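Notes for the one structure printed next.
Just so we're clear, the structure is a prediction, and the values are computed from it rather than from any experiment.
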Protein chains: 2
Amino acid sequence: MPTSNIIDLHGLKKACSNCSLHDLCIPMGVSDQELDALERIINRRRPLQRGEYLYRPGDRMQALYAVRAGSVKTSSISDDGLEQVTGFHLPGELLGLDAISDGIHPCTARALETTSVCEIPYDRLEDLAGQVPGLQRQLFRIMSREIQFDEHLMTLLGKKSSEARLAAFLLSLSKRFGERGFSRQEFNLTMSRNDIANYLGLAVETVSRLFTRFQQLGLLEVNRKLVQLIDMEGMHQMAGAHGPETLEKGGRGG
Amino acid sequence: MPTSNIIDLHGLKKACSNCSLHDLCIPMGVSDQELDALERIINRRRPLQRGEYLYRPGDRMQALYAVRAGSVKTSSISDDGLEQVTGFHLPGELLGLDAISDGIHPCTARALETTSVCEIPYDRLEDLAGQVPGLQRQLFRIMSREIQFDEHLMTLLGKKSSEARLAAFLLSLSKRFGERGFSRQEFNLTMSRNDIANYLGLAVETVSRLFTRFQQLGLLEVNRKLVQLIDMEGMHQMAGAHGPETLEKGGRGG
DNA sequence: CGGTCACTTGAGGACATTCAATGACCGTGG
DNA sequence: CCACGGTCATTGAATGTCCTCAAGTGACCG
């Protein structure tokens, strides 16, 4: 029977089998027997408080991390010394994939709220992937999905309309929350307006104005951190828009 | 003994061992014995002519492709039906990584010039990676590097300055050409101005104006497709710039 | 209750886009 | 060989979006 270094911390029997994120996280597509082996190498860490670092640029990459609860922001420092937010990570998502190539973390990972993560020692994961084809395949898939997501994001940043960016961002959050069993319509923005703006390549003021504008248009209700999406259809149209000639000129669907 | 379907096309003994891209492409970090196994699964394809498709969105992903000579553009169609260029791929670079997760190509790959590629059947590659730890590790590294590159690109698109984007783009090309044994200072832009603009999230006219501006500033010489980088130092400064207050106002190095 | 911080709102300006026209290059066909 | 039409690239002028700067409001905390 498996050694139980992962267990006592939170009184859970298994790290993965019982996890509600089972079908989002690494285990997806891995058979039950294979899952045992994976569970044996996963460590749990004490929850991180808001603002605590999971890793920083230059840190040796010793493990990947799966968000279990809470949310994490990753960011890096560009040449000019300014922060650039590269992603927000919700439960079931894997962090640290960009560090595999050099063995050094190129970016910062910081908890946006009280957050718990599973720690997966990378060398052991690599070994295991060599023995368990299903796991190897799943890892390739996860990394591929990440690449696909980034390409999608590039498309978003390439579009110049600020409305499309924020709308797409909110819809992305909505979808991901939904997949995790939370409400698609109503959720909390755990990141600051500043972070959102930075991530989307906009100014804070623009983001703020867009929220009010969206509210006036009846697309959503926003109160501080809480967002309620009202008109999903309209939101999707907004996210599809690319040019300046798209707002309130009457919908030319595109 | 290995079937030799890869050989006769161009009279080469081996697909990888003799390849000048040996230390850029997959084989890097894979031992000589292991290399044999890899070579055995690689197919060569007849060269693609300019404009020919390597794959299109919706195509089943059956293989990854390594560019051997020439260059390839990848792009996808966004919601609004407009093309979005997601990358330019030079010799030694791998295509199709974004298709692994779904088994379907999400984007288009099209030759920018006469181009030859190595075809690597994915199911066989996956099998082989399970048997050859060095290969598995290398594949993880390659995908990780791709993710890192995309993050860097996001940072670029987040910066609003158009100069920084074009400068960074040219420097990226320069670096990659240099790594492949070509000149770092002088190279051909195989893609159209339109493609560059699309890739960088700018208008064609802006790119055109920037080329003339850079030329006036003595940063480069450009003639049609041919680019000569003159002042690399200045180019780097330009690429590091982020705000509007960076050009010809005297360098506040940042 | 006063302080700090994050967010919101307003006014002005800069950069990039859009529209429009000219110019260079290429293949075709006379 | 030269004329022709097409595509691609460049250049100019005007509009617009988003940014910057600045002030104001509200929440949270000691």
With the side chain defined as heavy atoms from C-beta on, B:Arg209 is closest, among D:dC18, D:dG12, C:dA16, to D:dG12
Per atom distances to the A:Ser208 side chain, the nearest of C:dT9, C:dA16, D:dA9 is C:dT9
Here the residues of residues 219-231 of chain B within 4.0 Å heavy-atom distance, strictly under, of DNA chain D are B:Arg224, B:Lys225
Describe the nucleic acid contact of B:Ser162 in one word from base, sugar-phosphate, nothing, applying a heavy-atom distance below 4.0 Å. sugar-phosphate
Ring pair (Phe, Tyr, Trp, His ring centres under 6.0 Å) filter on A:Phe211, not counting sequence neighbours, yields none
* Asked: Any donor-acceptor pair under 3.5 Å joining the side chain of A:Glu205 to the base of D:dC21?
  -> yes
**Study point:** Presence of salt bridge, A:Glu93 and A:Arg180, under 4.0 angstrom
**Key:** yes
Contacts satisfying side-chain hydrogen bond (donor to acceptor under 3.5 Å, both in side chains) that involve residues 198-208 of chain A (not counting sequence neighbours) are none
Sorted by chain and residue number, the side chain to side chain donor-acceptor pair (under 3.5 Å) partners of A:Ser174 (sequence neighbours excluded) come out as none
Q. Heavy atoms under 4.0 Å, any strand shown: does A:Ser192 hit a base, just sugar-phosphate, or nothing?
A. sugar-phosphate
By side chain to side chain donor-acceptor pair (under 3.5 Å), B:Thr74 pairs with (sequence neighbours left out) B:Thr86, B:His89
Residue pairs passing the salt bridge (Lys or Arg N to Asp or Glu O under 4.0 Å) test with at least one member in residues 187-203 of chain B, sequence neighbours excluded, are B:Lys73-B:Asp195
